[in-house]
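Accompanying notes for the structure given below.
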Amino acid sequence: MIMEKNVYSKSIVDWGKKHPETLVLSADLGSSCEIMDFKKEFPDRYLSMGIAEQNMVSWAAGLAREGYLPYLHTFGVFLYRRVLDQVEMSVAYGNLPVGLVGFVPGLLTPGGVSHQSTNDIASLRAVPNMRIYSISDATDIEGFLPMAYEAGGPFYVRMLRKEVPRLFPANETIQFNHARVVAEGTDVALFTESFATEEGMKAVKVLQKHGVSVQMLAVSTLKPFTDPQVVDALKKVKYGAVTYENHNIIGGLGTCVAEVIAENGLNTKLVKCGVNDEYTHGASKMYLLKKYNVDAMSCIKAVEKLIGKDLGIDESEIEEVRFEDYNGIA
(Lines give C-alpha, C1' and ligand atoms only; values in the text may rest on other atoms or scores of the structure.)
Protein backbone atom coordinates (compact mmCIF):
# COMPACT_ATOMS: atom_id res chain seq x y z
CA MET A 1 0.00 0.00 0.00
CA ILE A 2 1.16 3.51 -0.81
CA MET A 3 1.21 5.49 2.44
CA GLU A 4 2.25 9.13 2.58
CA LYS A 5 3.25 11.11 5.66
CA ASN A 6 2.27 14.61 6.76
CA VAL A 7 0.33 15.42 3.59
CA TYR A 8 -1.73 18.13 5.29
CA SER A 9 1.41 19.81 6.62
CA LYS A 10 2.70 20.39 3.10
CA SER A 11 -0.73 21.39 1.81
CA ILE A 12 -1.35 24.12 4.38
CA VAL A 13 2.15 25.56 3.85
CA ASP A 14 1.62 25.65 0.06
CA TRP A 15 -1.77 27.26 0.60
CA GLY A 16 -0.25 29.88 2.88
CA LYS A 17 2.28 30.82 0.20
CA LYS A 18 -0.50 31.44 -2.31
CA HIS A 19 -2.83 33.22 0.11
CA PRO A 20 -1.09 35.67 2.46
CA GLU A 21 -4.40 36.30 4.23
CA THR A 22 -4.26 32.73 5.61
CA LEU A 23 -3.97 32.44 9.39
CA VAL A 24 -3.49 29.17 11.26
CA LEU A 25 -4.97 28.95 14.75
CA SER A 26 -4.02 26.14 17.12
CA ALA A 27 -5.68 24.93 20.31
CA ASP A 28 -2.40 23.67 21.78
CA LEU A 29 -2.21 20.72 19.36
CA GLY A 30 0.17 22.05 16.71
CA SER A 31 2.28 18.91 16.36
CA SER A 32 -0.74 16.61 16.46
CA CYS A 33 -2.45 18.63 13.71
CA GLU A 34 0.56 18.92 11.38
CA ILE A 35 0.83 22.72 11.44
CA MET A 36 4.30 23.23 12.94
CA ASP A 37 5.85 23.59 9.49
CA PHE A 38 3.40 26.41 8.83
CA LYS A 39 4.55 28.04 12.08
CA LYS A 40 8.19 27.82 10.95
CA GLU A 41 7.38 29.24 7.52
CA PHE A 42 4.98 31.98 8.68
CA PRO A 43 5.52 32.60 12.43
CA ASP A 44 3.55 35.85 12.36
CA ARG A 45 0.52 34.08 10.86
CA TYR A 46 0.41 31.26 13.40
CA LEU A 47 -1.70 31.93 16.49
CA SER A 48 -1.45 29.58 19.48
CA MET A 49 -4.73 30.04 21.32
CA GLY A 50 -4.21 27.49 24.09
CA ILE A 51 -6.81 25.03 25.30
CA ALA A 52 -9.58 27.60 24.96
CA GLU A 53 -11.52 26.54 21.89
CA GLN A 54 -14.54 28.81 22.46
CA ASN A 55 -12.24 31.81 22.56
CA MET A 56 -10.42 30.57 19.46
CA VAL A 57 -13.67 30.41 17.47
CA SER A 58 -14.67 33.91 18.57
CA TRP A 59 -11.25 35.26 17.56
CA ALA A 60 -11.56 33.54 14.19
CA ALA A 61 -14.91 35.20 13.53
CA GLY A 62 -13.40 38.63 14.18
CA LEU A 63 -10.38 37.88 12.01
CA ALA A 64 -12.61 36.72 9.16
CA ARG A 65 -14.56 39.98 9.31
CA GLU A 66 -11.26 41.82 8.88
CA GLY A 67 -10.48 39.99 5.64
CA TYR A 68 -8.37 37.09 6.90
CA LEU A 69 -8.81 33.37 6.20
CA PRO A 70 -8.59 31.71 9.63
CA TYR A 71 -8.19 27.93 9.79
CA LEU A 72 -8.72 26.41 13.25
CA HIS A 73 -6.86 23.22 14.17
CA THR A 74 -7.52 20.71 16.91
CA PHE A 75 -9.17 17.31 17.31
CA GLY A 76 -12.58 17.24 15.67
CA VAL A 77 -14.49 16.61 18.87
CA PHE A 78 -13.32 19.97 20.27
CA LEU A 79 -14.50 21.89 17.18
CA TYR A 80 -18.20 21.12 17.46
CA ARG A 81 -19.14 19.78 20.88
CA ARG A 82 -17.67 22.33 23.24
CA VAL A 83 -17.84 25.32 20.88
CA LEU A 84 -21.26 24.92 19.27
CA ASP A 85 -22.67 28.24 20.49
CA GLN A 86 -19.67 30.21 19.23
CA VAL A 87 -19.71 28.32 15.93
CA GLU A 88 -23.39 29.10 15.39
CA MET A 89 -23.62 32.69 16.60
CA SER A 90 -20.15 34.04 15.74
CA VAL A 91 -19.30 32.11 12.56
CA ALA A 92 -22.23 30.42 10.83
CA TYR A 93 -24.79 33.18 11.45
CA GLY A 94 -22.56 35.60 9.55
CA ASN A 95 -21.63 32.98 6.93
CA LEU A 96 -17.95 33.78 7.53
CA PRO A 97 -15.04 32.02 5.77
CA VAL A 98 -13.77 30.19 8.86
CA GLY A 99 -12.33 26.69 8.47
CA LEU A 100 -12.71 24.15 11.27
CA VAL A 101 -10.09 21.47 10.58
CA GLY A 102 -10.93 18.53 12.84
CA PHE A 103 -8.40 15.73 13.17
CA VAL A 104 -8.83 12.10 14.38
CA PRO A 105 -12.51 11.89 13.37
CA GLY A 106 -14.73 9.13 14.63
CA LEU A 107 -12.87 6.09 15.94
CA LEU A 108 -9.41 7.16 14.76
CA THR A 109 -8.10 7.72 18.28
CA PRO A 110 -7.59 5.46 21.31
CA GLY A 111 -8.57 8.42 23.52
CA GLY A 112 -12.08 7.17 24.24
CA VAL A 113 -15.41 8.97 24.17
CA SER A 114 -13.97 12.33 25.25
CA HIS A 115 -11.82 12.46 22.10
CA GLN A 116 -13.91 10.51 19.56
CA SER A 117 -16.13 12.59 17.30
CA THR A 118 -18.74 10.02 16.35
CA ASN A 119 -21.64 12.47 16.06
CA ASP A 120 -19.96 15.55 14.57
CA ILE A 121 -21.75 15.29 11.23
CA ALA A 122 -25.10 14.91 12.96
CA SER A 123 -24.47 17.94 15.17
CA LEU A 124 -23.25 20.29 12.44
CA ARG A 125 -25.63 19.32 9.63
CA ALA A 126 -28.33 21.30 11.43
CA VAL A 127 -26.22 24.48 11.51
CA PRO A 128 -27.26 26.83 8.67
CA ASN A 129 -24.53 27.89 6.20
CA MET A 130 -22.13 25.20 7.46
CA ARG A 131 -20.40 23.06 4.83
CA ILE A 132 -19.23 19.61 5.97
CA TYR A 133 -16.47 17.62 4.30
CA SER A 134 -14.79 14.27 4.88
CA ILE A 135 -11.30 13.23 3.76
CA SER A 136 -10.57 9.70 2.53
CA ASP A 137 -6.97 9.81 1.30
CA ALA A 138 -3.88 11.86 0.43
CA THR A 139 -5.35 13.07 -2.86
CA ASP A 140 -8.36 14.48 -1.02
CA ILE A 141 -6.05 16.34 1.36
CA GLU A 142 -4.00 17.88 -1.44
CA GLY A 143 -7.04 19.27 -3.25
CA PHE A 144 -9.17 20.11 -0.26
CA LEU A 145 -8.11 23.68 0.59
CA PRO A 146 -8.67 25.08 -2.94
CA MET A 147 -12.00 23.25 -3.16
CA ALA A 148 -13.25 24.57 0.20
CA TYR A 149 -12.08 28.09 -0.69
CA GLU A 150 -14.02 28.06 -3.97
CA ALA A 151 -17.12 26.70 -2.22
CA GLY A 152 -16.94 29.59 0.27
CA GLY A 153 -18.50 30.07 3.68
CA PRO A 154 -17.68 28.32 6.93
CA PHE A 155 -16.74 24.65 6.87
CA TYR A 156 -15.95 21.70 9.09
CA VAL A 157 -13.73 18.92 7.73
CA ARG A 158 -12.99 15.46 9.09
CA MET A 159 -9.24 15.49 8.41
CA LEU A 160 -6.76 12.59 8.34
CA ARG A 161 -3.17 12.85 9.58
CA LYS A 162 0.21 11.07 9.84
CA GLU A 163 0.43 8.13 7.40
CA VAL A 164 -2.42 8.46 4.92
CA PRO A 165 -3.17 6.08 2.02
CA ARG A 166 -3.09 7.23 -1.59
CA LEU A 167 -6.33 5.68 -2.86
CA PHE A 168 -6.94 7.95 -5.85
CA PRO A 169 -4.60 9.30 -8.57
CA ALA A 170 -3.02 12.62 -7.63
CA ASN A 171 -4.53 14.34 -10.69
CA GLU A 172 -8.12 13.35 -9.78
CA THR A 173 -8.67 16.13 -7.29
CA ILE A 174 -11.51 16.31 -4.78
CA GLN A 175 -14.65 18.10 -6.05
CA PHE A 176 -17.30 20.04 -4.16
CA ASN A 177 -20.58 18.12 -3.71
CA HIS A 178 -19.40 15.46 -6.15
CA ALA A 179 -18.58 11.93 -4.98
CA ARG A 180 -15.91 9.73 -6.53
CA VAL A 181 -17.24 6.71 -8.40
CA VAL A 182 -14.90 4.00 -7.14
CA ALA A 183 -16.63 0.97 -8.65
CA GLU A 184 -19.43 0.37 -11.15
CA GLY A 185 -22.13 -2.18 -10.42
CA THR A 186 -25.83 -3.00 -10.57
CA ASP A 187 -26.62 -5.07 -7.45
CA VAL A 188 -25.80 -2.81 -4.48
CA ALA A 189 -24.98 0.88 -4.05
CA LEU A 190 -22.27 1.44 -1.42
CA PHE A 191 -21.64 4.94 -0.01
CA THR A 192 -18.54 5.56 2.13
CA GLU A 193 -16.66 8.40 3.83
CA SER A 194 -13.46 8.91 5.85
CA PHE A 195 -11.30 5.78 6.32
CA ALA A 196 -14.39 3.65 5.65
CA THR A 197 -13.60 4.33 1.99
CA GLU A 198 -10.37 2.34 2.20
CA GLU A 199 -12.05 -0.49 4.10
CA GLY A 200 -14.97 -0.35 1.67
CA MET A 201 -12.66 -0.80 -1.30
CA LYS A 202 -11.32 -3.97 0.28
CA ALA A 203 -14.87 -5.20 0.90
CA VAL A 204 -15.91 -4.47 -2.70
CA LYS A 205 -13.03 -6.49 -4.09
CA VAL A 206 -14.07 -9.51 -2.04
CA LEU A 207 -17.76 -9.05 -2.86
CA GLN A 208 -16.97 -8.93 -6.56
CA LYS A 209 -15.21 -12.30 -6.30
CA HIS A 210 -18.43 -13.69 -4.81
CA GLY A 211 -20.56 -12.37 -7.66
CA VAL A 212 -21.94 -9.19 -6.09
CA SER A 213 -21.84 -6.18 -8.40
CA VAL A 214 -21.28 -2.97 -6.39
CA GLN A 215 -21.73 0.67 -7.37
CA MET A 216 -19.39 2.38 -4.88
CA LEU A 217 -19.32 6.12 -4.24
CA ALA A 218 -16.75 7.76 -1.94
CA VAL A 219 -18.48 10.81 -0.49
CA SER A 220 -16.44 13.87 0.46
CA THR A 221 -19.18 16.52 0.78
CA LEU A 222 -21.76 15.71 3.46
CA LYS A 223 -23.41 19.13 3.43
CA PRO A 224 -24.78 20.12 1.03
CA PHE A 225 -25.82 16.63 0.01
CA THR A 226 -27.37 17.21 -3.40
CA ASP A 227 -24.99 15.33 -5.69
CA PRO A 228 -27.15 13.87 -8.51
CA GLN A 229 -24.86 10.84 -8.64
CA VAL A 230 -26.46 9.64 -5.40
CA VAL A 231 -29.92 9.39 -6.94
CA ASP A 232 -28.48 7.84 -10.09
CA ALA A 233 -26.72 5.14 -8.06
CA LEU A 234 -29.84 4.38 -6.02
CA LYS A 235 -31.95 4.01 -9.15
CA LYS A 236 -29.35 1.86 -10.87
CA VAL A 237 -29.06 -1.01 -8.39
CA LYS A 238 -31.25 -4.07 -7.84
CA TYR A 239 -31.20 -4.66 -4.07
CA GLY A 240 -30.68 -1.23 -2.52
CA ALA A 241 -27.99 0.67 -0.68
CA VAL A 242 -25.47 0.31 2.14
CA THR A 243 -23.98 3.35 3.86
CA TYR A 244 -20.66 2.72 5.58
CA GLU A 245 -19.30 5.44 7.82
CA ASN A 246 -16.89 6.35 10.61
CA HIS A 247 -19.78 7.86 12.58
CA ASN A 248 -22.96 7.11 14.46
CA ILE A 249 -25.55 5.57 12.11
CA ILE A 250 -27.93 8.34 13.27
CA GLY A 251 -27.43 11.73 11.65
CA GLY A 252 -24.46 11.00 9.42
CA LEU A 253 -23.97 9.63 5.92
CA GLY A 254 -26.69 7.02 6.41
CA THR A 255 -29.23 9.68 7.32
CA CYS A 256 -28.14 11.81 4.35
CA VAL A 257 -28.83 8.93 1.95
CA ALA A 258 -32.11 8.04 3.71
CA GLU A 259 -33.32 11.61 3.21
CA VAL A 260 -32.47 11.43 -0.50
CA ILE A 261 -34.42 8.18 -0.80
CA ALA A 262 -37.47 9.68 0.91
CA GLU A 263 -37.35 13.04 -0.87
CA ASN A 264 -37.16 11.37 -4.28
CA GLY A 265 -39.81 8.75 -3.54
CA LEU A 266 -37.45 5.89 -4.27
CA ASN A 267 -38.54 2.35 -3.45
CA THR A 268 -35.07 1.46 -2.18
CA LYS A 269 -33.97 -0.52 0.86
CA LEU A 270 -31.15 0.92 2.99
CA VAL A 271 -28.79 -0.75 5.48
CA LYS A 272 -26.65 1.60 7.60
CA CYS A 273 -23.23 0.40 8.77
CA GLY A 274 -21.35 2.34 11.44
CA VAL A 275 -21.37 3.02 15.17
CA ASN A 276 -24.70 1.70 16.45
CA ASP A 277 -25.93 4.71 18.48
CA GLU A 278 -23.70 4.16 21.49
CA TYR A 279 -20.80 5.77 23.32
CA THR A 280 -17.50 4.17 22.34
CA HIS A 281 -14.40 3.54 24.42
CA GLY A 282 -10.64 3.69 23.93
CA ALA A 283 -8.60 0.87 22.40
CA SER A 284 -6.46 0.08 19.35
CA LYS A 285 -7.78 1.09 15.94
CA MET A 286 -8.58 -2.38 14.56
CA TYR A 287 -10.21 -3.46 17.82
CA LEU A 288 -12.48 -0.41 17.71
CA LEU A 289 -13.33 -0.91 14.04
CA LYS A 290 -14.42 -4.49 14.63
CA LYS A 291 -16.27 -3.80 17.88
CA TYR A 292 -18.23 -0.86 16.50
CA ASN A 293 -18.96 -2.20 12.99
CA VAL A 294 -16.58 -0.01 10.99
CA ASP A 295 -14.28 -2.66 9.50
CA ALA A 296 -14.46 -4.26 6.05
CA MET A 297 -16.16 -7.42 7.35
CA SER A 298 -18.94 -5.32 8.90
CA CYS A 299 -19.46 -3.72 5.49
CA ILE A 300 -19.69 -7.17 3.88
CA LYS A 301 -22.21 -8.33 6.48
CA ALA A 302 -24.31 -5.23 5.79
CA VAL A 303 -24.33 -6.13 2.08
CA GLU A 304 -25.31 -9.71 2.95
CA LYS A 305 -28.19 -8.39 5.05
CA LEU A 306 -29.33 -6.20 2.19
CA ILE A 307 -29.34 -8.95 -0.44
CA GLY A 308 -30.62 -11.59 2.00
CA LYS A 309 -27.81 -14.04 1.37
CA ASP A 310 -24.89 -15.42 3.37
CA LEU A 311 -21.92 -15.36 1.02
CA GLY A 312 -19.71 -17.44 3.31
CA ILE A 313 -16.92 -14.86 3.29
CA ASP A 314 -14.11 -15.36 5.78
CA GLU A 315 -11.87 -12.68 7.34
CA SER A 316 -8.87 -14.26 5.62
CA GLU A 317 -10.26 -13.25 2.23
CA ILE A 318 -10.12 -9.60 3.23
CA GLU A 319 -6.60 -9.96 4.58
CA GLU A 320 -5.48 -11.44 1.26
CA VAL A 321 -6.64 -8.40 -0.73
CA ARG A 322 -3.60 -6.39 -1.78
CA PHE A 323 -3.68 -2.65 -2.26
CA GLU A 324 -2.85 -2.97 -5.94
CA ASP A 325 -5.86 -5.27 -6.32
CA TYR A 326 -8.39 -2.64 -5.31
CA ASN A 327 -6.73 0.64 -6.17
CA GLY A 328 -8.67 2.12 -9.06
CA ILE A 329 -11.15 -0.78 -9.25
CA ALA A 330 -13.58 1.41 -11.20
Output field: ring centroids Tyr8/Phe103 closer than 6.0 Å: yes

Cation-pi, Phe195 ring and Lys285 (6.0 angstrom, 45 degrees): yes

Side chains of Asp120 and Tyr156, donor plus acceptor under 3.5 Å: yes

Heavy-atom side-chain contact between Gln215 and Glu184 under 4.5 Å: yes

Single-linkage hydrophobic cluster, 4.5 Å side-chain cutoff, Val237 and Leu190 together: no

Geometric class of the Phe155/Tyr71 ring pair [parallel <30°, tilted 30-60°, perpendicular >60°]: tilted

Polar side chain donor-acceptor pair, Asn248 to Thr118, under 3.5 angstrom: no

Parallel, tilted or perpendicular, as decided by the 30° and 60° cut-offs, for the rings of Phe38 and Phe42: tilted

Ser298 side chain to Asp295 side chain, donor-acceptor N/O pair below 3.5 angstrom: yes

ILVMFWY cluster, Val275 and Tyr279 together (side-chain gap under 4.5 Å): no

Mutual orientation of the aromatic rings belonging to Trp15 and Tyr149 [parallel < 30°, tilted 30-60°, perpendicular > 60°]: perpendicular

Lys223, NZ: over 12 other non-hydrogen atoms inside 6.0 angstrom: yes

Salt bridge (charged side-chain N to carboxylate O under 4.0 Å, His left out) involving Arg45 - partner list, sequence neighbours excluded: none

Salt-bridge criterion met for Glu319 and Lys202 (N-O under 4.0 Å): no

Aromatic Phe168 / basic Arg180 pairing, under 6.0 angstrom, 45° off normal: yes

Considering all heavy atoms, the nearest Ser114-Arg81 contact: O-NH2, 3.4 Å

